[in-house]
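First comes the structure, then the notes that go with it.
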4 protein chains.
Amino acid sequence: MSKKAIVLQTTLELITKQGIGATSLSQIIKESGVANGTVYHHFKNKEEIITELYLMLTQDFGTVVMRNIPEDDIKKQFTVMWLNLFYYFVNNPLAFIFSEQIARSPEIPQSLKDKAREYYHDIEEYFKRGVKEKVFKAYNTLVMEELFFGNVVSLVKIHENEQIKLQEKHINQAIEISWRGFLKDKTII
Amino acid sequence: MSKKAIVLQTTLELITKQGIGATSLSQIIKESGVANGTVYHHFKNKEEIITELYLMLTQDFGTVVMRNIPEDDIKKQFTVMWLNLFYYFVNNPLAFIFSEQIARSPEIPQSLKDKAREYYHDIEEYFKRGVKEKVFKAYNTLVMEELFFGNVVSLVKIHENEQIKLQEKHINQAIEISWRGFLKDKTII
Amino acid sequence: MSKKAIVLQTTLELITKQGIGATSLSQIIKESGVANGTVYHHFKNKEEIITELYLMLTQDFGTVVMRNIPEDDIKKQFTVMWLNLFYYFVNNPLAFIFSEQIARSPEIPQSLKDKAREYYHDIEEYFKRGVKEKVFKAYNTLVMEELFFGNVVSLVKIHENEQIKLQEKHINQAIEISWRGFLKDKTII
Amino acid sequence: MSKKAIVLQTTLELITKQGIGATSLSQIIKESGVANGTVYHHFKNKEEIITELYLMLTQDFGTVVMRNIPEDDIKKQFTVMWLNLFYYFVNNPLAFIFSEQIARSPEIPQSLKDKAREYYHDIEEYFKRGVKEKVFKAYNTLVMEELFFGNVVSLVKIHENEQIKLQEKHINQAIEISWRGFLKDKTII
DNA sequence: TATGAATGAGCATTCATTCAT
DNA sequence: AATGAATGAATGCTCATTCAT
């Protein structure tokens, strides 16, 4: 493993444990066993480490969300999207932390924040289609998108905080609640 | 206004602007115009400032959520609870930041985190009742509670990030989505 | 007990535990339960507390050393002086600390240091007499005095550090060693 | 001279002048002309500077005491040991300060204090031999050792405080007093 | 006599970063 | 590519002291 990779890996672990703000370069250096100057040989500054890490973690985000989406069934599409997002966050805690902290963190430059939003484009398209096909009520797309996203996040948080041991039935319940919320009146569920 | 109050107020403003981690004592001191030692005369720690601030802001949290809840109508109760929470966060950005950062912040001691959870007791009770009265489907209470809370948070975030200028209709849409999610099958909405 | 007495007592305890340098006013204030300003009402500054304490503890020092000295027997005089000094230090640990730290402590003004030396006047006189009476060899008086004093101190240190449990026989051995050192050649011991 | 050496040297000088407690890092930094961070690049702590200094100064302590000890003559051995110790302290004021403050200083970790005691092993052996060979009376070894050490210290203190200008004859007197104290009855001196 | 709010200099330490090798 | 010495601004905190009540 290259020194650069070691630094990135160490940083990933530290941020996952402590958050972005609490993770110092000195800590990264101490923990990774890499020399001071070596870090600065590979990265311009601390921000660049985080940026690079963020890009690594999110580059496949867009594709992940839309992976294995079935062709026709809009309900099944919803479920797959929901689970894609859920398991992505569960398996990539750092991506989750980033997505949570992204709005407030001055450590993350605006350009990256904008980039992150692009990933939601597909989700937005999905809801627009759903409304057009009269499956969903004609809610504001951003509102729908944000609530959808928030629902996934809520469940990830339960999983994270381990208030209850999350079972498959709980996940299914959450998906159902999430789905029903958007449905048009009198839709047969 | 006492020096102590000035420090608290200044800290409140700075944290609201920059987050907890990015707010240093030196900044608080510079901004408040209070002397170094004076801060430490009133507070044992930097942590104590934050803790005290948090307690100030959240002490009425529990009552706020349940304020003006109508007696009988479970749907109206839902709406009022939802709006109480929403406007509480909108009007108390710091409380919102705290509630968002609370899980991950090492700055906030566990005792406070536990205290925060107590406030959700009434919400939990509400959902239990709703299930018992067969208005809501028999979902896991914690899941319901967390999704409910997450929905409000989603909308506050839209409001915060000003992606769109949030109108009353958007809020109503969000409440409707939120409400419908929990409803029992075939319930007349 | 007056507040002033409380402050002095607390300071005494703290210095005995931690030494002069490590004892701060804030600590004294916290430990004594007396208010900030009250301390400054009774004492001009930190130095004055220590000075006053020092005077309290050493005012009877001179008399203590010469207490119960028998009239004629120069050997018995030696023993009593030795034990007076030894038990004074054992029972007044602070006086011991002061006497040990006195030379290097900038906290103690020179005037007090000079005053402390006066107490040795009687000891000096004793040795001068001993030399004149040809019991002791004609060593330099200051050297004798300082070695005598150092011998007592050595034993107090053994007692303090508890390397061995000090028994009466050890004390007697030390006195004997001390006494014999000064004797004139061929003196019948 | 490396920056690290400069820091150690400066610290040595300052402590010699003012004592351990009164020597602050800021002072060391100012005096040495080395940057703040540089000190912390080389030393973990303020304590580590002192510890390293102490180790530097005392590592040859054991050998110094036993340097040039003649083979047979127990009296001459005594004199050489005595002078070795005396001049070591005179020439290494910091070692003297350390050895004086060692018991009470919380700044010096216990591990170092223990290490310091090891150096006395040779002195202890010497007195045991002297007792066995019936040159010395059968006093407790620790008592003898401590008094011997205390005698040297007493003379160093006279030298330090410059109460009198210490001449060779004074030193010889002190050695004689010291030596005679331990002698067995009727020993021809 | 007693209080405690207020002060600002000073302390030990951490931080991100630069540079010569 | 890799190292680690060097930097100095900044941080959280302690200190002795002053002053109005």
Side-chain angles (χ1 to χ4, degrees), chain A residues 2-4 6-7 21-30 32-50 107, chain B residues 2-7 21-30 32-50 107, chain C residues 2-4 6-7 21-30 33-50 107, chain D residues 2-7 21-30 32-49 107:
Chain A
S2 76
K3 298 269 172 178
K4 182 173 176 176
I6 291 173
V7 170
T23 301
S24 75
L25 245 184
S26 350
Q27 227 182 341
I28 294 171
I29 286 161
K30 214 170 292 169
S32 65
V34 159
N36 194 350
T38 308
V39 173
Y40 277 90
H41 177 69
H42 292 288
F43 306 94
K44 216 183 75 212
N45 50 30
K46 190 192 169 189
E47 189 181 298
E48 205 179 77
I49 306 180
I50 290 167
E107 287 101 341
Chain B
S2 77
K3 298 268 173 174
K4 181 173 177 177
I6 291 174
V7 169
T23 300
S24 75
L25 245 183
S26 350
Q27 228 180 341
I28 294 172
I29 286 160
K30 215 170 290 168
S32 64
V34 157
N36 194 343
T38 306
V39 174
Y40 281 90
H41 177 68
H42 292 289
F43 305 94
K44 215 185 77 214
N45 260 342
K46 189 193 168 187
E47 187 181 301
E48 204 178 77
I49 307 180
I50 291 168
E107 286 104 340
Chain C
S2 77
K3 299 271 172 178
K4 183 173 176 178
I6 292 173
V7 170
T23 301
S24 74
L25 245 185
S26 349
Q27 226 182 341
I28 294 170
I29 286 160
K30 215 171 289 166
V34 158
N36 194 350
T38 307
V39 174
Y40 278 89
H41 177 70
H42 291 288
F43 306 94
K44 216 184 77 212
N45 50 31
K46 191 192 169 189
E47 190 181 296
E48 205 178 78
I49 305 180
I50 291 167
E107 287 102 340
Chain D
S2 76
K3 298 269 173 176
K4 182 173 175 175
I6 292 173
V7 170
T23 301
S24 75
L25 245 183
S26 349
Q27 226 181 341
I28 294 172
I29 286 159
K30 215 169 290 167
S32 65
V34 156
N36 195 343
T38 305
V39 174
Y40 280 90
H41 177 68
H42 292 288
F43 306 93
K44 216 186 77 216
N45 260 342
K46 187 192 168 188
E47 187 182 300
E48 205 179 77
I49 306 180
E107 285 104 341

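Everything numeric here is computed off the predicted structure, so don't read it as measured data. In what follows, every chain begins at residue 1, and chains take the letters A, B, ... in the order their sequences are listed.
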Closest contact, heavy atoms only, A:Ile29 versus A:Val34: CG2-O, 3.4 Å
Residue mapping more 5' on DNA chain E - nearest nucleotide basis, B:Ala35 or C:Gly33: C:Gly33
B:Ile29 CD1 - E:dT7 P separation (whole Å): 11 Å
Donor-acceptor pair present, A:Asn36 side chain and E:dT17 base, under 3.5 Å: yes
Length of the CD-C1' vector between D:Glu47 and E:dT13, whole Å: 14 Å
Partner nucleotide, any strand, of E:dT14 [Watson-Crick/G-U, under 3.5 Å]: F:dA9
Protein-nucleotide distance (A:Glu48, atom CD; E:dT17, atom P), rounded to Å: 11 Å
A:Ser26 side chain, from C-beta outward: closest of E:dC15, E:dA12, F:dA16: E:dC15
Nearest heavy atoms of C:Phe43 and C:Lys4, plus distance in Å: CZ-CG, 3.7 Å
Whole-Å gap separating P (E:dT14) and CD1 (A:Ile28): 16 Å
C:Leu25 side chain, from C-beta outward: closest of E:dA12, E:dA16, F:dT17: F:dT17
Length of the line joining A:Lys44:NZ and E:dT17:P, which is rounded to integer Å: 9 Å
Nucleotide E:dT17, atom P - distance to CZ of A:Phe43 in whole Å: 13 Å
Sugar-phosphate only, base, or nothing, as touched by D:Lys4 at under 4.0 Å among non-hydrogen atoms: nothing
Identity of whatever pairs with F:dA1 - Watson-Crick or G-U, under 3.5 angstrom: none
Closest listed nucleotide, where the reference is the side chain of B:Lys46 and the choices are F:dG12, F:dC15, F:dG4: F:dG12
Touch class at under 4.0 angstrom, heavy-atom based, for A:Thr38 against every strand present: base
Test item: D:Gln27 side-chain N/O and D:Thr23 main-chain N/O as donor-acceptor pair under 3.5 Å: no
Between P of E:dA16 and NZ of A:Lys30, the distance in whole Å: 11 Å
Contact under 4.0 Å: C:His41 side-chain N or O vs E:dT1 OP1/OP2: yes
Minimum-distance nucleotide to B:Lys3 side chain [options: F:dT17, E:dT7, F:dA2]: E:dT7
Residue whose nearest DNA chain F nucleotide is more 5′ - C:Tyr40 or D:His42: D:His42
Over all atoms of both residues, closest heavy-atom pair of D:Thr38 and D:Lys3: CG2-CB, 4.1 Å
Interatomic distance, C:Asn45 atom CG to C:Leu25 atom CG [nearest 0.5 angstrom]: 8.5 Å
